[in-house]
Number of protein chains: 4
Amino acid sequence: MPARAPGPGDRAAPPDDHRRRPRRRGKALDEAIFQATLDELDENGYANLTMERVAERARAGKASLYRRWPSRVELVMDAASHAFPDPSSPIDTGTLRGDLLAALRGIAQLLSGPAGEALRGVLSDVLSDPARTAEARRRSQGRGRRAIELIVRRAVERGEIDGTAVTPRRVEAGPALLRHHFLFNGVPIPDEVIVEIVDEVMLPLFGCAPGP
Amino acid sequence: MPARAPGPGDRAAPPDDHRRRPRRRGKALDEAIFQATLDELDENGYANLTMERVAERARAGKASLYRRWPSRVELVMDAASHAFPDPSSPIDTGTLRGDLLAALRGIAQLLSGPAGEALRGVLSDVLSDPARTAEARRRSQGRGRRAIELIVRRAVERGEIDGTAVTPRRVEAGPALLRHHFLFNGVPIPDEVIVEIVDEVMLPLFGCAPGP
Amino acid sequence: MPARAPGPGDRAAPPDDHRRRPRRRGKALDEAIFQATLDELDENGYANLTMERVAERARAGKASLYRRWPSRVELVMDAASHAFPDPSSPIDTGTLRGDLLAALRGIAQLLSGPAGEALRGVLSDVLSDPARTAEARRRSQGRGRRAIELIVRRAVERGEIDGTAVTPRRVEAGPALLRHHFLFNGVPIPDEVIVEIVDEVMLPLFGCAPGP
Amino acid sequence: MPARAPGPGDRAAPPDDHRRRPRRRGKALDEAIFQATLDELDENGYANLTMERVAERARAGKASLYRRWPSRVELVMDAASHAFPDPSSPIDTGTLRGDLLAALRGIAQLLSGPAGEALRGVLSDVLSDPARTAEARRRSQGRGRRAIELIVRRAVERGEIDGTAVTPRRVEAGPALLRHHFLFNGVPIPDEVIVEIVDEVMLPLFGCAPGP
DNA sequence: CTCTAAACGAGACGGTACGTCCAGTCTTCGG
DNA sequence: CCGAAGACTGGACGTACCGTCTCGTTTAGAG
């Protein structure tokens, strides 16, 4: 029998006794899967990320993935969140403009990593289900929005801007433009883009004269 | 791998005479494929659109698709462009606010159809190749941007706004916020969103008092 | 080529619950595939046998076939061997002529079934690879050759013929002529052909006077 | 339009004016197709010979092939016959043994070329149609059979053998064993095989003592 | 410290779609 | 107007994953 596949008669093959002993469970396994997911995101992008490859890379069975997440979308969103768990209150530079630049730069940096790759892909997978759409929105927008809200509130308290100019739509505008740029132009996001968004859009909307 | 495929006509197979006679070619076939693509987009969305089903639906062979477009992305972009070929100069309502509302409403309507479904899916498929990213950007942004540019120029000519307030970033901001809302919230796009974008962001950026 | 296939479970696709539960594995699946292969051989012949149709007929996935056999050739050879597993020692009629007629008739009967159909097709697929050629030779010639060898040995022991006349080439000649006739003339193989081969070729070669 | 296939809009492209000008017809085209067929047989074997590749290699359209031959089989048989048109009467060495060796060596040489490659593949394609089977048999067996017949007749005339031992079956046996060996063992055919067939089978069948 | 139930790795399973190649037919256009 | 060129429909190729499942094996925790 020269050129055959393993073949049907090989059913009685020994069950491969050399399995890795310290079998991971729970948290340890979660971590391994997250790491494999992020690595795949990095190397191949969301479009080419498959449950099969993630499982293999994590040296886990596919069932262990499906036991935890119902689909690729949830896995990727979880993995991205897990990688950047820290909402970390925005730094305080003392001026509205400085704070906004810092905040947007933080978001840009986030988008340049796995979280960005995840965001891009998740968008198209998620829209059929409104609940998951909302979940994705919450995860991707919450951080930036809360940061800007806090920054603007501090500026109002400092008397730098008028509180009546602050509306949800305007708070959201800056991060939205940044995300929009990322989605349509990819990475890296030039710093001029951020400066322009702050100086030409955000500051004017809050009633500030554009920066230097 | 010694053997070629047996093939349908290795003799002993009947010659299958019932092929449709007036075989379509060129433009006629293009049209049929575009229509099938748009129908699939409509019924199943981009994520579930397959070359296989489009071919079947258009009663065409897969090779006829691949001869024209190298992948799903290009087919879908072409089909969407084909369906809405006319940038059609924006209507003139006489006021900046009216023009902007009309323009954004036009974009919103476009996004609510197959073009929107296409945009969403294309974004995640296209980013690996910068050239195709640019192409997608051109197709999806060009229209809105040019419309706003023209509207704003008319407003400047009417003396309604100051030309120095007009920058590319600000021109782009309105459509960008609308697309952003569409991507993260889907359809339908409530009209209040459009009104808010115009009144709270666009008009102020161009130095106008918000509308009524 | 940025996009992986959409896949059936990219969400928004129903989970297709109607799968047959007690899914066949191992031997049971082997049997089903063999049966489907033999049925296809019978109905459409080797030239029109495709992995696709065999899989469909066996209600199996194509991957289950390819996991077992690297190509059509191996599948068909295995299926044919499986259908006629028993070389079964040749019957003893008491005379050399009777034994030879019985043996050749047995081979002819075998060639008239799926094994013959398999042999014909396999020949053209297998010759590019010497190892597979040898395998095919072993499977198709071994049986007949061993039978004739045994029959001739018995005749020598009975003193019916002289052992010095027995050479491998002569032992092989009878079955070879029969197979040659089958390959160039197809089925059914007239019994006169068998009688002629025995009386005009085999018996004289072993130093016997031709039969009645 | 960066990364697109020729695309549907290119329909109006000039109809490829650089077509080969002196368009071949009739004999000239036949020759080109025959040559392409033989080349393909040589390089890829019958199993991998396709009408498509032959057409491309001959720089011809597929329809030009189908207009001349209804299928691969006929094309290949014609091409092989065309390449070796000369039945050439068998050489006369003066002895039966010498003539037989020469004849079988001639057949072996023929089988080692494109004609052999053709024979192998044709067998499996032809059997569904008895008429074509007969045609293939005529083409592949006629030559050898007529040669042996002539040789044996000369030997009878020389008084070397007894005419009553000559039967069609026995005349056919030698070439049949040679073709059988070729089909199951491929090329090259060792010369010992030919010597064995002559000395252990053919000569004894015609009532001659084996050669030296 | 056993004993059991759950979690785990591995991967087979029935499928869908991929992108390619080829069969044989039909249309267009050049000579 | 014939015939060469090649676009067309259709179908099989062999591969990659899907999400489910069945195996044993390993491990944690209850008795």
*Using atom CG of D:N44 as one end and atom C1' of E:dC22 as the other, report the distance to the nearest whole Å.*
14 Å
_Between D:E40 and D:T37, a side-chain donor and acceptor under 3.5 Å_ = no
*Is the side chain of A:R53 donor-acceptor paired with the backbone N or O of A:L49 at a distance under 3.5 Å, no angle test?*
no
*Side chain of A:Y66: nearest nucleotide among F:dT27, F:dT20, F:dA5?*
F:dT20
*Sub-3.5 Å donor-acceptor pair from the side chain of B:R59 to the main-chain atoms of B:A32, do we have one?*
no
*Rounded to the nearest angstrom, tell me the gap between atom CG in B:L75 and atom P in E:dA17.*
15 Å
*Can you find a donor-acceptor pair, distance only, under 3.5 Å between C:K62 side chain and E:dG15 base?*
no
*Atom-to-atom span, CZ of A:R24 to P of F:dT27 - whole angstrom*: 12 Å
*Can you tell me the distance, in whole Å, between the CG atom of D:L65 and the P atom of F:dG3?*
15 Å
*Within this structure, what is the CZ-to-P distance between B:R53 and E:dC18, rounded to whole angstrom?*
9 Å
*Looking only at side-chain atoms of D:E52, point me to the closest of E:dC22, E:dG14, E:dA10.*
E:dC22
*Counting only N and O atoms by type, is there a donor-acceptor contact under 3.5 Å from the side chain of C:R120 to the main-chain atoms of C:G45?*
no
_Nearest to the side chain of D:L29, heavy atoms from C-beta on, is which of F:dC8, F:dA12, F:dA4?_
F:dA4
*Would you mind telling me which residue lines up with the more 5' stretch of DNA chain F, D:G61 or C:M51, judged by nearest nucleotide?*
D:G61
*In whole angstrom, give the distance that lies between atom CZ of A:R67 and atom P of F:dT22.*
14 Å
*Rounded to the nearest angstrom, tell me the gap between atom CG in A:D125 and atom P in F:dG19.*
10 Å
*Describe the nucleic acid contact of B:S64 in one word from base, sugar-phosphate, nothing, applying a heavy-atom distance below 4.0 Å.*
base
*asked:* From CD of D:E40 over to C1' of E:dC22, roughly how many Å is that when rounded to an integer?
replied: 13 Å
*Where the side chain of A:R25 is concerned, which of F:dA4, E:dA17, F:dA28 is the nearest nucleotide?*
F:dA28
*Parallel, tilted or perpendicular: which describes the rings of D:F34 and D:H82, with under 30° parallel and over 60° perpendicular?*
parallel
_Any N/O donor-acceptor pair, A:R23 side-chain to F:dT25 base, under 3.5 Å_ = yes
*Pick base, sugar-phosphate or nothing for A:A63, based on heavy-atom distances below 4.0 Å to the nucleic acid.*
base
